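Heads up: the structure comes next, in structure tokens.
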Amino acid sequence: MNSVILLAGARLQVILLLIFSAYMLLRGHNAPGGGFIGGLIAATGFVVYAIACGTADARKALRFDPGSIAGVGLGIALLAGIAASIFGDALFTGQWLFIGATEDDKGLPLSTVLVFDIGVYLVVLGAILSIAFSLEEAV
Amino acid sequence: MLDIVISIFLLLGGFFCVIASIGVLRLPDVLTRMHASTKAGVLGSSLILIGGAIYLQDTEITARVIATILFLMLTAPIGAHMIGRASIKNFKAKIED
Amino acid sequence: MEQLLSVLIGILVAGSVYLMLARNLLRFLFGLILLSNAANLTIFVAGRLTPGAPPLVPDGVDAPVSEVANALPQALVLTAIVIGFGLFAFALVLTFRAYQSLGTLNTDDMRVAEPKEN
Amino acid sequence: MNTTLPPRWITLAGLLPVVIAGSLFVWFAQMMPVIGAGDTLRVVIPWVPSLGVNLSFYIDGLSLTFALLITGIGALVMLYSARYLAGHVHQTRFSLFLTSFMLAMLGLVTSDNLLGLFVFWELTTITSYLLIGFSHSTQKARRSALQALLLTGIGGLALLAGIILIGTTAGTFEMSEINAMPGVLTGSVMYLPILLFVLAGAFNKSAQFPLHFWLPNAMAAPTPVSAYLHSATMVKAGIYLLARVHPSMAGTDVWLWTLTIFGAITMVFASVMALRQTDLKLALAYTTLMALGALTLLLGNESGYTITAAVTFLIVHSLYKASLFLVVGILDAQTGTREANKLFGMARAMPITAFAAGLAALSMAGFPPFLGFIGKELKYAGAIAVASEPVFVAGAVLIASALMVALAGIVSFRPFWSRSGDPIEGVTEAPWPMLAGPLVLAVMGAFFGIFPDTLATVLVNPTVGAIIGDAGDAKELQLWAGVNLPLFLSIATFVLGFAIYRYKLELRAWLIGLTERSPSFDNGWDKLMAGVAAGSKALTRAIQTGVLRHYMLITFGTALVVLAVTLFLRTTGIPQVGWPDVEIWDWIVFLLVLMGTFLTTITYSRITAIAGLGVVGIGMAMIFIIYSAPDVAITQLLVETLVVVLFAAAALKLPGLRENTRGFRVFDAIIGTAFGVVTAIILMKVTAGPIDRELTTFFEQASWPEAFGQNIVNVILVDFRALDTFGEIAVVLIAAISIFALLRAKPVEDKQ
Amino acid sequence: MTSAEFLALSTYVTAVMVLLSLAIAFVRLFKGPSLADRVVALDQMTVTIIAVCGVVAIGTGVFALLDVALVLALVGFLATVALARFAERRDARQAQEDDDA
Amino acid sequence: MNLFILNMTLAVIWAALWGSLTLAQFALGFVIGFAALWFAQPLFGGPSGYYVRAYRIVRLILFFLYDLCVSSVRVAFDVLTPTDRSNPAILEMPLDVKTDFEILLVTNLISLTPGTLSLDVTPDRKTLIVHAMFADDPDQVIRDLKDGMERMVREVFEE
Amino acid sequence: MSWYLSLPLVIPFLTAVVAYLMRHSPRGRWISVLGSLLGLIASVVLMIVVLENGVIAGQMGNWPAPFGITLVADLLSAVMVLITAITGLAVAIYAMGDVDEAQERLGYHGLFQLLLAGVTGAFLTGDLFNLYVWFEVMLISSFGLLILMGGKEQIDGGVKYVALNLISTILFLTGIGLLYGMTGTLNFADLALKVEGVENQGLLTVVAMIFMVAFGVKAAVFPLFFWLPAAYHTPSFSVSAIFAGLLTKVGVYALIRMFTLVFDHDIGFTHTVLLWVACLTMVIGVLGAAAQSDFRKILSFHIISQIGYMILGLALMTPLAIVGAVFYLVHHIIVKANLFLIAGVAKRLTGGTEVYQIGGLYKSTPFLAILFLIPAFSLAGFPPLSGFWAKYIIVKASLDAQMWFVAFIALAVGLMTIYSMTKIWAEAFWKDHPDGVEPDMKSLPERTAQLLPIAGLATLTIIIGLNPDPFVAFAERTTEQLLDPTAYITAVLGAPA
Ligand code: NA
Ligand code: NA
């Protein structure tokens with residue numbers, strides 16, 4: 001797609017969408033958002049990029065094979081679920097760690113649940129890109 | 001008083017949205033129709049969002065509204081450009097798919 | 001409102017069935033999208049509707065103070081939407097490949113796996 | 001034209017079966033005193049207690065008689081085939097099959113548990129299938145094997161049903177127990193079905209008319225197989241079954257008449273057909289049929305005479321028939337033909353064979369002093385003793401016996417001593433292992449004729465006892481029973497027999513003409529098979545059309561009918577339609593989706609359709625927005641966008657909708673509308689009722705305090721129901737993998 | 001009437017107007033005739049949805065809807081771009097085929 | 001640009017003083033800080049491009065917003081009046097801005113301002129293809145655009 | 001306790017991830033085999049635990065039922081999981097000689113393991129929506145495996161397979177929505193209790209019928225089976241083996257689960273429908289088989305006809321009948337998967353699956369002949385093989401229920417099964433090869449890899465046949481649990497208050 005305007009726009013878009021997707025992912029537990037939505041938005045970003053300057057560049061920009069990203073994502077999500085076993089809980093039992101927790105403030109939460117959501121994010125991102133790119137290349 | 005301001009924003013916004021759509025419906029050809037959607041459409045939505053921002057009176061919301069409006073102004077013309085491009089490449093934009 | 005949406009779902013179903021019965025695979029795809037929309041909406045409606053109260057816990061309290069929308073169907077629908085997307089994507093690409101290797105989208109002419117006996 | 005057999009024949013594959021059979025024979029033989037004394041042996045090994053199935057073995061006269069025939073004749077036949085098949089590629093397989101068959105047969109006649117009996121019954125079916133199809137490269141062998149398998153298969157299934165019913169009626173599968181409960185079957189309401197099923201099983205195993213025709217075809221098997229299976233053993237399994245259930249099932253008119261009529265018809269029909277044959281082996285096959293008919297006929301009654309006759313004749317027949325089959329086998333092997341009108345005066349070339357054949361034939365014809373004579377006398381006595389219609393029965397026996405006389409001449413006298421043709425040159429006597437069988441068997445026939453008491457005491461009486469409960473009713477076997485009606489009948493038999501032999505050629509010509517004009521069961525079978533094939537093809541082609549549209553129609557149609565009917569039958573009333581709570585934007589959204597659907601449905605432009613779908617998607621998002629599902633709304637919009645993107649990419653290489661569209665499809669529209677209506681009604685009825693919010697309430701309460709999240713939907717997704725979400729992302733990943741594969745797979749076309 | 005009532009009324013009116021404009025845009029989408037026309041209409045509808053989110057947010061006081069608006073503003077045009085691009089490439093191909101022919 | 005950073009710092013300090021890092025406080029702090037810096041100009045070695053650029057940015061934004069409203073009203077008028085007085089045309093406008101971002105800005109702004117809609121930029125980035133609704137005098141339209149939007153954008157970015 | 005339940009599910013997923021990431025290396029296949037082996041061990045352990053402790057339940061995420069998702073293993077689930085693992089291992093080994101590198105690089109092993117994971121999940125879950133999710137995992141990976149060879153046949157078969165299965169999926173989803181709308185719960189055990197509280201029982205029946213149709217398509221019953229014969233003969237043999245073994249059985253399992261545990265309120269209606277469906281399925285299926293002459297097509301139609309037997313067991317709803325259904329499930333998975341594997345070997349040795357165009361297998365490869373006869377005659381219901389006991393129990397059940405006609409059909413269908421099994425035997429094995437080909441075992445690639453699983457499954461068939469008692473006893477215990485769900489419900493929800 002040899003469009004100067006789209007290209008210039010796409011650059012901005014990708015940055016904005018990636019930041020926004022991260023934002024949606026991280027706040028998802030407390031407000032609309034989460035792994036799916038984050039992943040979908042990030043994917044949209046790279047799709048824009050692919051449309052603007054071709055899948056080859058988009059793949060380069062992504063650096064990893066989307067399929068593998070998805071695979072790793074599933075692995076991460078699974079490990080987040082299995083992690084519970086270390087603490088003797090059932091599969092997918094959330095394990096929480098609150099950094100600097102005080103009685104009135106929970107502090108900064110780190111949790112397997114978040115890891116799981118990141119896994120979701122990666123799978124959605126990788127899978128959709130793999131689909132979009134391979135289809136784009138087949139046409 | 002503030003309610004009145006908000007109402008004005010809303011009504012103006014709504015008005016421009018309708019205008020944009022009527023434009024898309026009534027104007028003679030694709031390119032002119034795009035004028036309507038890109039300008040009036042964006043303005044209308046933006047006004048309504050601003051109305052919302054004023055109504056909800058919340059920093060976070062305000063920031064989000066500003067972001068939304070900026071995104072809108074960034075993307076709408078690009079969309080228009082893509083369509084325009086497609087239709088001028090061969091001006092026989094009448095071809096049925 | 002549930003009733004109006006029930007009617008709407010009925011309409012979606014009618015359209016999708018009509019489309020899926022067509023010979024052209026593309027129409028089947030369109031029908032598929034409509035039908036999964038109908039299914040998602042069914043779950044949503046079956047969970048009952050609550051306007052203007054998304055299932056969020058306000059800051060500073062342990063649970064929603066006033067009645068909020070039924071969260072469970074929303075989660076189910078969300079899952080269903082994503083799964084539906086996966087299935088649709090596959091169906092779409094399958095159609096694409098079918099046209100490439102069989103040279104038609106007319107299902108009446110797709111007789112490789114079960115050829116006409118004569 | 002002597003078909004030379006390889007000199008080396010002493011092989012493990014050849015002799016091991018002989019050893020097995022031989023030692024088994026000895027083992028059973030040493031039981032004779034005990035059984036002869038009227039005792040019985042029983043061993044029970046639990047097998048499937050939960051189904052009441054045991055491996056329980058029961059030895060009484062009946063079992064023992066059969067066991068001895070099976071092992072004894074078995075040993076001789078196996079010795080015969082050790083030589084006959086020496087050097088054959090598949091001799092090992094043959095021995096394996098034949099031995100397994102023998103063991104299965106033994107299991108059948110010794111097992112007391114009916115299900116156990118059935119298991120062995122089916123095993124004989126399988127092994128005989130493999131034996132009949134032994135020369136598997138010929139179409140004929142395969143056809144005969146299949147025919148035997150299916151026909152006896154039918155019997156097997158009927159028998160299974162019968163056995164199950166017996167089991168439920170009597171409360172046990174142990175035959176010894178059932179026989180000990182008089183009237184338990186005959187008195188039950190289930191008696192008729194039980195009888196029909198059991199008889200169906202027995203009749204077609206013993207090839208009773210009209211299920212007889214597989215037996216002659218089974219002659220495609222190698223001679224030893226015919227000699228063994230189709231003279232002495234398998235075909236007698238049916239007879240065994242009739243004898244075994246006799247105590248608990250006989251004595252009713254149904255039993256009497258069914259057995260008498262089927263037996264008589266088979267007997268006469270078979271002996272006439274036998275006369276028609278020119279192939280000696282086939283002739284023998286038909287005489288076997290005749291014998292089976294006779295046995296069935298006799299087992300129909302309960303009098304001591306008839307049963308004694310049955311038992312004696314059973315033994316007699318086994319001896320001479322096996323012997324004759326082997327003789328014909330020898331002729332075939334040495335001269336290369338079995339055709340009656342090619343074989344004359346071979347006695348000089350092969351004297352021992354001729355001798356054996358002579359003895360066996362005389363026994364078959366029923367001349368004194370052979371056991372056959374005693375058997376025939378008893379048959380007459382039995383026939384006369386038949387309570388009802390003795391004339392009919394005796395007449396049948398007379399005709400059949402006379403034909404036997406003639407056939408004895410045809411199969412043994414003519415080929416060896418007749419002068420009406422020239423003997424085949426350069427034929428030598430068969431090697432001794434092949435001669436041993438026929439000779440021993442024939443001699444035994446003569447021996448027991450001269451000393452019948454030995455046989456009577458050790459076998460016949462206990463067997464009769466086993467069948468009609470009291471060995472005392474057994475009639476003694478004697479050569480000279482004085483001048484009585486049976487004697488006159490015997491004489492009549494000989495006269496008639498010689499007459500038939502004298503005019504055999506004319507008769508045969510006439511019969512051939514007759515049978516060729518009448519429909520043959522065998523062709524009927526072929527027609528049936530063809531019919532089944534064609535019918536199933538037609539039916540399948542009508543259902544599995546290979547056209548997706550038909551599949552769709554039927555699938556949707558089924559769903560529609562099922563739901564509509566259930567709705568009609570199981571629920572009442574139409575939901576009241578009226579919407580007080582509907583806002584103006586509800587209506588607009590409604591219209592939006594409605595229009596989107598309509599547009600998608602009617603348009604001929606792909607992009608318009610996609611746009612229409614986009615509108616529907618937007619409408620959905622609106623609904624989610626208005627009814628407070630922001631997460632869903634966002635996801636819906638994102639997915640919608642991606643759908644459009646993917647489609648726009650794929651559409652570039654896809655044709656438009658214009659091609660192969662048939663305009664408006666009324667029928668489909670009707671189905672679609674009906675489906676829509678049904679769905680709407682169901683949903684309205686569902687939402688009309690109350691909803692239990694227990695789960696949601698829990699989620700609302702636990703979301704923040706326990707799962708530390710304010711967005712309940714997200715908490716459900718990643719915590720409360722994380723497993724769903726995990727499966728879901730798996731789906732997305734798999735979709736990606738599959739799509740990638742779909743697009744990259746190298747077409748490896750292999751049309752077979 | 002109080003200003004609050006006026007706000008409520010104007011919110012209602014705006015909602016109707018916005019949804020009306022959706023409907024109007026749909027008519028163009030329906031009529032076409034050209035692919036570009038439909039894309040324009042769809043684009044217009046997407047933009048209008050943002051407005052809808054704003055209105056409903058005010059009507060119900062649900063902030064969350066502004067997130068929907070934000071997402072839509074970000075990705076809404078992607079569909080437009082994709083379709084426009086489809087049109088362009090298809091026409092290019094048709095032209096190509098014409099040359100080949 | 002270091003003045004800009006300083007200004008930001010001031011804004012942060014201001015917000016900190018109030019003890020609340022809200023956007024409102026921050027914005028207010030930025031404005032006040034800007035004013036302070038402006039008055040303190042001499043202390044920072046005479047006039048700097050910073051104030052000028054700030055002014056130009058503000059001017060651009062205001063101008064653009066005004067244009068957007070005008071254009072929308074114009075569209076409204078055009079849509080609502082039955083008689084169609086517009087005679088549209090496709091014009092080619094030579095581009096002076098170089099960087100992608102500037103081009104993007106120009107094209108987007110042009111699209112959002114009255115009567116004009118940028119359709120495409122030639123691959124050589126030299127000319128912008130514009131669709132004008134009222135092209136009675138094409139050259140006039142082009143001129144307006146060049147010393148309107150494009151100039152302002154150029155001024156914002158030039159050092 | 002819950003990890004006994006989780007592992008059979010987790011292991012295939014982990015294996016899938018690793019195998020997929022290693023898809024470009026030849027070691028992937030070994031990962032798959034190893035994973036299947038571990039999975040088998042896990043499911044054996046699960047089986048032992050269930051045999052000792054009765055029904056066990058695990059609350060995923062420690063959220064108490066019915067709020068979280070519960071994994072439940074009663075004897076039925078446990079045995080299905082075990083059989084899945086066995087079949088999985090067999091096919092994973094077989095695949096080494098059957099699947100070419102091209103398919104491996106496209107992710108065959110990953111997809112295969114994901115299919116196993118989906119099936120296992122379906123058997124283990126105690127939650128309706130979760131069942132839907134596992135159905136989807138199963139379905140989409142089956143799509144992938146189906147088209148992996150990318151030929152015209154696969155694509156064409158795939159279109160029909162996909163189209164019809166998607167309809168069933170969406171029906172299923174709708175059903176879930178409606179049932180939730182009526183009961184407000186998704187947990188099986190909780191449903192079993194809550195359905196009794198629904199006042200509109202008639203409407204419940206309607207919803208039940210939705211599930212019946214949806215699962216009916218999955219189980220390939222008449223008249224919803226079209227997708228199966230359209231596709232099962234097209235993919236690589238290992239794939240069609242695993243399909244033949246497992247996919248339809250998941251549908252049967254779902255029917256058994258739902259129509260014993262939840263929808264037992266209107267047996268007079270629902271199970272009568274099932275009875276007719278069962279009979280028609282048996283007959284149409286077996287006639288379809290009689291009409292075929294392709295090794296795999298014959299087998300495919302037999303899947304249908306024998307699904308009929310299982311449904312019949314459920315339809316009669318007597319203890320013995322359910323025992324029959326369970327026994328049949330287990331027996332049939334082993335036998336049918338094995339026959340498809342054999343079909344693959346036969347094809348490699350003779351160059352085709354069209355039985356009239358191949359032959360000579362009996363003369364030159366007697367070992368294969370025996371390996372075929374065992375499952376074939378077992379399928380045909382000859383004693384003393386597993387199929388006989390299965391058939392016997394079903395027939396006895398229908399005779400006990402005085403359903404003469406049904407029993408007659410069951411027996412007649414058995415005869416027709418003999419007919420088509422012997423067709424394969426006579427044509428492919430007995431007959432000489434029309435082109436004079438002399439099949440030679442040595443020409444078989446990865447000979448052990450291909451024959452080992454076949455021999456293993458055949459052995460299993462014989463074991464079940466010769467020593468059916470423990471299996472029957474097991475099926476009886478399973479049936480008790482199915483017909484009296486108290487244990488199940490207690491295990492999931494805790495003792496009733
Ligand atoms: Na229940
Ligand atoms: Na089957």
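Below, read A as the first sequence line, B as the second, and so on, with proteins coming before strands; counting in each chain starts at 1. Everything numeric here is computed off the predicted structure, so don't read it as measured data.
Using a distance-only test at 3.5 Å, with no hydrogens or angles considered, a donor-acceptor pair links the side chain of D469(G) to the main chain of S50(D). In terms of modelled atom types and a separation under 3.5 Å, the side chain of W47(D) and the main chain of L466(G) share a donor-acceptor contact.
With a 4.5 Å cut-off on side-chain heavy atoms, Y392(G) and I164(D) count as touching. In this structure, the side chains of K391(G) and L157(D) come closer than 4.5 Å at one or more pairs of heavy atoms. A heavy-atom distance below 4.5 Å is found between the side chains of Y419(G) and M529(D). Looking at heavy atoms from C-beta onward, P366(G) lies out of side-chain contact with H90(D) at the 4.5 angstrom threshold. Within the 4.5 Å cutoff, no side-chain heavy atoms of F720(D) are placed close to those of F67(G).
Note on I691(D), L742(D), L723(D): by heavy-atom pairs under 4.5 Å with chain G, the leading option is L723(D). Contacts with chain G were tallied for P193(D), G546(D), A688(D), A141(D); G546(D) has the most, counting heavy-atom pairs under 4.5 Å. Residue with the most contacts toward chain D among G61(G), G121(G), A290(G), G68(G): A290(G) (heavy-atom pairs, distance under 4.5 Å). Between chain G and the residues I716(D), L733(D), L115(D), T679(D), the largest count of heavy-atom pairs under 4.5 Å involves L115(D). For the set L150(D), V732(D), V565(D), the count of heavy-atom pairs under 4.5 angstrom toward chain G peaks at L150(D). Among T125(D), V119(D), L569(D), the residue with the largest count of heavy-atom pairs under 4.5 Å with chain G is V119(D). Note on T687(D), L539(D), L149(D), I543(D): by heavy-atom pairs under 4.5 Å with chain G, the leading option is I543(D). Of the listed residues (M60(G), K194(G), K423(G)), the one with the most heavy-atom contacts under 4.5 Å to chain D is K194(G).
Heavy atoms of E476(G) lying under 4.5 Å from chain D belong exclusively to its side chain. Both the backbone and the side chain of L695(D) have a heavy atom closer than 4.5 Å to some heavy atom of chain G. With a 4.5 Å cut-off on non-hydrogen atoms, L160(D) touches chain G through its side chain but not through its backbone. Only the side chain of L111(G) comes within less than 4.5 Å of a heavy atom of chain D; its backbone N, CA, C and O stay farther away. Proximity to chain G (any heavy atom under 4.5 Å) is shown, for P46(D), by neither the backbone nor the side chain. Contacts of D156(G) with chain D are absent, with no heavy-atom separation under 4.5 Å from either backbone or side chain. Interface residue F377(G): only side-chain heavy atoms are found under 4.5 Å from chain D.
When each of L139(G), V137(G), L114(G) is tested with V731(D) by the rule side-chain contact (heavy atoms from CB on, under 4.5 Å), just one qualifies, namely V137(G).
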Stepwise side-chain contact (heavy atoms from CB on, under 4.5 Å) test for D127(G) and R721(D): CA-CA 10 Å; D127(G) 183 284; R721(D) 295 184 67 89; 2.7 Å; yes
Step-by-step side-chain contact (heavy atoms from CB on, under 4.5 Å) determination, R744(D) to R105(G): CA-CA 10 Å; R744(D) 299 293 170 86; R105(G) 275 196 296 278; over 6 Å; no
Candidate pair E136(G) and I734(D), rule side-chain contact (heavy atoms from CB on, under 4.5 Å), full reasoning: CA-CA 10 Å; E136(G) 295 301 1; I734(D) 301 166; over 6 Å; no
Steps toward side-chain contact (heavy atoms from CB on, under 4.5 Å) verdict (T168(D), L399(G)): CA-CA 9 Å; T168(D) 30; L399(G) 284 177; over 6 Å; no
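Atom CG of N62(G) sits about 11.0 Å away from atom CD of E706(D), to the nearest 0.5 Å. From W425(G), atom CH2 reaches atom CZ of R142(D) across 12.0 Å, with rounding to the nearest 0.5 Å.
In this structure, F408(G) places its CZ atom where only 12 or fewer heavy-atom neighbours from other residues, nucleotides or ligands lie under 6.0 Å away.
Ring pair F197(D)/W404(G): centre-to-centre distance not below 6.0 Å. Aromatic ring centres of Y129(D) and F382(G): separated by at least 6.0 Å.
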